[in-house]
Amino acid sequence: QVQLVESGGGLVQAGGSLRLSCAASGRISSINVMGWYRQAPGKERESVARITSGGDTWLVDSVKGRFTSSRDYAKNTVYLQMNSLKPEDTAVYLCNAEGRYYPESWYTDDFTSWGLGTQVTVSS
């Protein structure tokens, strides 16, 4: 179908920055929406950011003013720039994408894909 691979996670001190990336590959026709989710141990998965093919963006309130998302359409890649990181941001960050792909060369169908996640750890 469509595969997503996240990268850019790591260990950073509070107040620092990281930039996550998520690259999609496969028989892609178009990607309508790409988004970021995060999940910490014992907590429910939370939607963090999303960006559409038209450039509309959304951020969860807790990261507004600190995080921004962007896309490189030529590379089918979405980024999450995370500034002023807080220990509460510590989680596995997962990429999600929705769009259409080519099951066969003569038609397209919807897809929804998830990456395996990248760990972000913010120390205090």
Side-chain angles (χ1 to χ4, degrees):
Q1 199 172 349
V2 175
Q3 294 76 46
L4 305 179
V5 179
E6 303 101 333
S7 62
L11 175 64
V12 66
Q13 294 183 12
S17 298
L18 287 171
R19 189 169 89 145
L20 307 183
S21 64
C22 171
S25 62
R27 297 174 62 84
I28 298 168
S29 176
S30 62
I31 299 176
N32 188 47
V33 179
M34 300 188 79
W36 291 95
Y37 292 73
R38 65 186 181 186
Q39 187 163 25
K43 295 184 178 180
E44 198 168 273
R45 184 173 296 181
E46 176 187 36
S47 179
V48 178
R50 59 185 285 149
I51 183 167
T52 70
S53 60
D56 296 322
T57 59
W58 175 89
L59 292 167
V60 67
D61 286 347
S62 61
V63 307
K64 286 181 178 178
R66 301 189 296 119
F67 292 9
T68 57
S69 64
S70 60
R71 282 179 64 171
D72 184 333
Y73 295 94
K75 296 181 178 179
N76 288 324
T77 299
V78 64
Y79 303 94
L80 185 66
Q81 179 66 48
M82 306 186 295
N83 299 323
S84 302
L85 283 162
K86 303 175 180 180
E88 305 92 90
D89 297 318
T90 296
V92 173
Y93 283 71
L94 301 134
C95 180
N96 168 261
E98 299 175 3
R100 294 185 70 84
Y101 79 116
Y102 289 96
E104 304 290 345
S105 62
W106 60 87
Y107 74 99
T108 61
D109 200 2
D110 295 333
F111 78 85
T112 300
S113 295
W114 290 86
L116 295 178
T118 185
Q119 178 70 47
V120 171
T121 302
V122 184
S123 65
S124 60

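In this structure, Tyr37 and Ser47 have side chains that are in contact, with non-hydrogen atoms separated by less than 4.5 Å. At a threshold of 4.5 Å between non-hydrogen side-chain atoms, the residues Arg38 and Thr90 do not count as touching. Taking 4.5 Å as the limit, every side-chain heavy atom of Val78 sits out of range of all side-chain heavy atoms of Leu80. In this structure, the side chains of Glu46 and Ser62 come closer than 4.5 Å at one or more pairs of heavy atoms.
Counting heavy atoms of neighbouring residues, nucleotides and ligands inside a 6.0 Å radius, atom CG of Leu11 exceeds 12 of them.
Using a 30° and 60° split on the angle between ring planes, Tyr101 and Phe111 fall in the perpendicular class, above 60°.
When all heavy atoms are compared, the tightest approach of Ile31 to Ser53 is O-CB, 3.6 Å. Here the closest non-hydrogen pair linking Gly9 and Val120 is CA-CG2, 4.2 Å. Nearest heavy-atom pair, Val92 versus Gln119, reported as atom, atom and distance to 0.1 Å: CG2-OE1, 3.2 Å. Val12 and Leu18 get closest at one heavy-atom pair: CG1-CD1, 4.0 Å. Residue Leu4 comes nearest to Met34 through the heavy atom pair CD2-CE, 4.5 Å, listed as atom of the first residue, atom of the second, then distance.
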Side chain to side chain contact (heavy atoms under 4.5 Å, CB included) between Asp89 and Met82, intermediate numbers included
CA-CA 9 Å; Asp89 297 318; Met82 306 186 295; 6.0 Å; no
Test side chain to side chain contact (heavy atoms under 4.5 Å, CB included) on Trp36 and Cys22 and set out the steps.
CA-CA 9 Å; Trp36 291 95; Cys22 171; 3.7 Å; yes
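Salt-bridge formation is detected for the pair Asp61/Lys64: a Lys NZ or Arg NE/NH1/NH2 atom is positioned less than 4.0 Å from an Asp or Glu carboxylate oxygen.
Side chain of Glu6 to main chain of Cys95: a donor-acceptor pair is present (N/O by atom type, distance under 3.5 Å, no hydrogens or angles). Side chain of Arg100 to main chain of Ser29: no donor-acceptor pair is present (N/O by atom type, distance under 3.5 Å, no hydrogens or angles). With Ser113 contributing its side chain and Val2 its backbone, the two residues share a donor-acceptor pair below 3.5 Å.
The hydrophobic clustering, which links ILVMFWY residues whose side-chain heavy atoms are closer than 4.5 Å, places Val48 and Trp58 together.
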